[in-house]
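By convention in this document, chain letters (A, B, ...) are assigned in the order of the sequence lines, proteins followed by strands, and residues within each chain are numbered from 1.
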Amino acid sequence: MTVAMTLETLRHSTAHVLAQAVTELYPDTILGTGPSISTGFYYDFDIKHKLTQSDLNRIENRMQEIVKRKTQFEYSVLDKQEALSLMREKNQIYKIELIEDLGAADFSFYKCGSFIDLCKGPHIKDSGEIPAFKLLSVAGAYWKGSEENKMLQRIYGTAFFNKKDLRSYLNRLEEAKKRDHRVLGRELDLFSMTEETGAGLVLWHPRGACIRDIIEGYWKKEHYKAGYELFYSPHIGLADLWKTSGHLDFYNDNMYSPVNIENHDFYIKPMNCPFHIVYYKNTNRSYRELPVRLAELGTVYRYERSGTLHGLLRVRGFTQDDAHIICTPDQVHDEILQTLKFSIDMLNVFGFDKFNIFLSTKPAEKYVGKQDQWEKAQDALKTAIETLNLPFQLDEGGGAFYGPKIDIKIEDAIGREWQCSTIQFDFNLPERFNMSYVGSDGNKKRPYMIHRALLGAIERFFGILIEHYAGKFPLWLASTQVKVLNISEHNLDYSREIVEKLKKEDIRADIDDSSEKIGYKIRLGIKQKVPYLIVTGRNEQDNNTVSVRSRDEGDLGEMTLDKFISIIKNNTVNKV
RNA sequence: GCCGAUGUAGCUCAGUUGGUCAGAGCAGCUGAUUUGUAAUCAGCUGGUCGGGGGUUCGAAUCCCUCCAUCGGCUCCA
């Protein structure tokens with residue numbers, strides 16, 4: 001066997017060493033599987049003993065020993081009978097299942113010391129070739145990833161070619177922890193979620209609310225520019241509405257129980273679309289009116305299983321930056337192109353420029369709508385992506401049953417991918433609601449409907465933003481843009497005057513008029529990540545100036561207030 | 001929902017085998033200080049130890065249960 005020493009190989013081999021160590025320490029271990037993954041590797045085990053963090057240390061030490069032993073990885077091939085009997089002998093029921101599943105004639109094994117594992121390889125030459133590794137965590141994981149199956153214990157770890165890479169990876173994990181939006185959210189007093197109010201429900205504190213307001217204000221302004229009309233719909237709707245839309249049939253698991261008012265059931269909305277459609281149908285529509293573009297920051301509530309909740313990134317009540325475009329077949333291409341461009345532009349403004357775009361097409365089996373509709377829609381989506389020269393991945397058959405879609409994912413600080421923008425066709429709802437418009441030939445026609453969100457959900461997007469900026473919101477988004485710090489009581493009037501002047505210029509300014517020393521005030525201002533701190537003391541008062549300290553650029557020295565205001569205005573407009 | 005871990009003042013955490021163990025720092029408040037670029041000093045107020053139930057003469061500590069959070073899995077129209 002040739003040994004291709006890729007990071008993947010190294011990690012896969014390290015997973016074997018992990019399994020070997022665990023087997024040595026816990027002889028009753030039944031092995032699951034143990035692949036390499038993008039951040040390292042894992043191995044699943046069925047062990048009676050509940051693994052703890054301290055067990056991890058013990059296992060890691062044993063792994064170090066195995067590495068020191070420099071045992072060879074020996075390759076061998078067994079036929080099915082031999083493979084099965086070997087695994088039976090070792091009571092490896094999961095491996096037996098794998099052998100049966102694979103249905104091949106021959107099976108390759110790798111042996112390292114007394115440890116042998118079913119594996120297609122490749123592997124490193126011997127265990128001594130592992131230069132740097134670390135076990136990271138234990139977690140539960142279903143056998144074969146199915147909820148129906150038994151839950152095994154999974155150990156995560158990582159490995160690198162050298163200690164330096166490992167260290168920098170671990171540092172990155174530390175860094176990511178510091179950026180965690182849940183931590184920063186508390187430190188910067190942006191939001192909270194409490195046991196008292198309910199899991200997955202967000203309290204937007206004034207500072208967070210301020211930033212949200214700026215985001216939403218910008219969002220609205222841009223939507224008007226892009227030819228959208230704003231819409232508001234209620235939080236609950238009659239059962240019949242959701243029956244017509246199909247949500248009570250298809251989405252019921254995610255919906256909360258109804259409230260009964262005068263013998264009518266009302267459901268809290270999990271989506272905004274039905275309301276927009278009802279409005280569309282409010283009057284006879286002519287092709288001359290299309291496209292109709294309705295945008296709404298609509299707050300929806302969905303049941304999410306308790307174990308899936310995660311800070312702002314997965315919640316039960318959230319506000320979609322939703323819109324529905326209802327148009328004629330002729331308009332589909334233009335609308336999609338415009339929407340995709342809009343989406344990318346919007347994400348760019350918030351500092352995101354790394355995207356993973358997925359184009360999902362018609363599922364093989366369950367779907368609604370006609371073939372030519374799907375083709376036209378898919379063509380529009382693909383053409384738009386290509387026109388903008390964006391790389392994308394094709395997810396053949398990955399579309400929803402009601403239409404094809406584009407999903408845009410961005411990466412957060414910890415390398416997790418989060419879906420923000422989505423642009424999806426819907427062939428289902430126009431049918432169900434019998435939507436129509438009168439064409440130029442005087443006949444009633446069925447419009448195309450496009451459902452789209454650019455930021456996805458405000459809550460999730462805010463969480464991603466916090467991590468992206470590490471809490472250092474750019475000037476235009478910062479809740480407090482300038483904090484004025486007076487040196488002593490003698491400068492208080494002058495300092496307050498400065499604040500008032502800044503406020504008059506629509507600059508979000510605040511004052512720290514406590515009787516603390518300037519060092520303390522600066523420390524506090526830095527901790528709060530305020531973009532600009534202004535020091536006002538005797539010198540400034542005498543010279544009629546301010547001393548500016550920028551969060552990102554350090555001390556900018558003494559300048560006139562007018563000069564400072566123009567810097568702020570300039571940077572705000574440019575969104576830096 | 002599932003597996004595991006965790007839950008002590010607003011925050012970060014101490015609390016040895018159940019018996020002055022309800023504590024510290026920061027924050028907050030009150031005073032003093034009037035300060036020149038990352039923590040001025042002093043005093044004070046904060047907690048049914050996540051909720052409920054149980055064992056015990058006695059529970060933050062042991063048991064049960066519920067809730068929430070964390071790491072994952074699963075799910076993600």
With rounding to whole Å, what would you report as the distance between [N] and [M] at their [atom1] atoms?
| N | M | atom1 | value |
| --- | --- | --- | --- |
| B:rU8 | B:rG50 | P | 6 Å |
| B:rC49 | B:rA22 | C1' | 8 Å |
| B:rA9 | B:rG28 | C1' | 11 Å |
| B:rU20 | B:rG1 | C1' | 45 Å |
| B:rC29 | B:rU45 | C1' | 7 Å |
| B:rU55 | B:rC64 | P | 15 Å |
| B:rG10 | B:rC67 | P | 24 Å |
| B:rG36 | B:rG31 | P | 23 Å |

Subject >> Check: A:Y142 side chain, B:rG72 base, donor-acceptor under 3.5 Å >> reply: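 No pair found.
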
Original post:
Counting only distance, no hydrogens or angles, is the base of B:rC3 paired donor-acceptor with the side chain of A:R154 under 3.5 Å?
Top reply: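 It does not, because no donor-acceptor pair links the side chain of A:R154 to the base of B:rC3 below 3.5 Å.
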
Between [atom2] of [N] and [atom1] of [X], the distance in whole Å:
| X | N | atom1 | atom2 | value |
| --- | --- | --- | --- | --- |
| A:D46 | B:rG4 | CG | C1' | 14 Å |
| A:R305 | B:rA68 | CZ | C1' | 18 Å |
| A:L309 | B:rG72 | CG | C1' | 14 Å |
| A:E196 | B:rG7 | CD | P | 20 Å |
| A:Y42 | B:rC73 | OH | C1' | 10 Å |
| A:I37 | B:rC73 | CD1 | C1' | 13 Å |
| A:Q153 | B:rC3 | CD | P | 12 Å |

G-U wobble or Watson-Crick pairing nucleotide for [N] (cut-off 3.5 Å, both distances):
| N | answer |
| --- | --- |
| B:rC70 | B:rG4 |
| B:rU34 | none |
| B:rG10 | B:rC26 |
| B:rC75 | none |
| B:rC62 | B:rG54 |

Can you tell me if [X] touches the phosphate of [N], counting only side-chain N or O atoms and a distance under 4.0 Å to OP1 or OP2?
| X | N | result |
| --- | --- | --- |
| A:H310 | B:rG71 | yes |
| A:R182 | B:rG71 | yes |
| A:S306 | B:rG1 | yes |

Of the listed nucleotides [options], the one nearest the side chain of [X]:
| X | options | value |
| --- | --- | --- |
| A:A139 | B:rG50, B:rU74, B:rG72 | B:rG72 |
| A:E489 | B:rC67, B:rC75, B:rU34 | B:rU34 |
| A:K50 | B:rC75, B:rC3, B:rA68 | B:rC3 |

Do the side chains of [X] and [Y] get close enough for a salt bridge, i.e. N-O under 4.0 angstrom?
| X | Y | answer |
| --- | --- | --- |
| A:K269 | A:E296 | yes |
| A:K527 | A:E187 | no |
| A:D513 | A:R496 | yes |
| A:K144 | A:E97 | yes |
| A:D510 | A:R508 | no |
| A:D552 | A:K472 | no |

Subject >> Pair A:E558, A:T545: side-chain N/O donor-acceptor within cut-off below 3.5 Å >> reply: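 Side chains of A:E558 and A:T545: pair found under 3.5 Å.
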
Original post:
When you measure from the centre of the six-membered ring of A:Y142, is the NZ or CZ of A:K150 under 6.0 Å away and within 45° of the axis?
Top reply: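 A:K150 over A:Y142 ring: no.
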
Original post:
Taking the six-membered ring of A:F160 as reference, does the NZ or CZ atom of A:R11 fall below 6.0 Å from its centre and within a 45° cone about the axis?
Top reply: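 So A:R11 does make the cation-pi contact.
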
**OP:** Give the B/S/- string for nucleotides 11-17 of chain B, one per nucleotide from 5' to 3', where a protein heavy atom under 4.0 Å of the base yields B, of only the sugar-phosphate yields S, and otherwise -.
**Re:** SS-----

**OP:** Determine, for nucleotides 36-47 of chain B in 5'-to-3' order, which nucleotides have protein heavy atoms under 4.0 Å from the base (write B), from only the sugar-phosphate (write S), or from neither (write -).
**Re:** BBBBB-------

Original post:
Are A:L429 and A:Y402 close enough that some pair of their side-chain heavy atoms sits under 4.5 Å apart?
Top reply: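 In short, these two side chains do not touch, never coming nearer than 4.5 Å.
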
**OP:** Determine if the base of B:rG46 is syn or anti; take syn to mean the glycosidic torsion is within 90° of 0.
**Re:**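 Syn for B:rG46; the angle stays within 90° of 0.
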
Subject >> Residue of the set A:F318, A:F191, A:F462 for which ring-ring contact (aromatic ring centres under 6.0 Å, His included) holds with A:W204 >> reply: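 The passing option is A:F462.
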
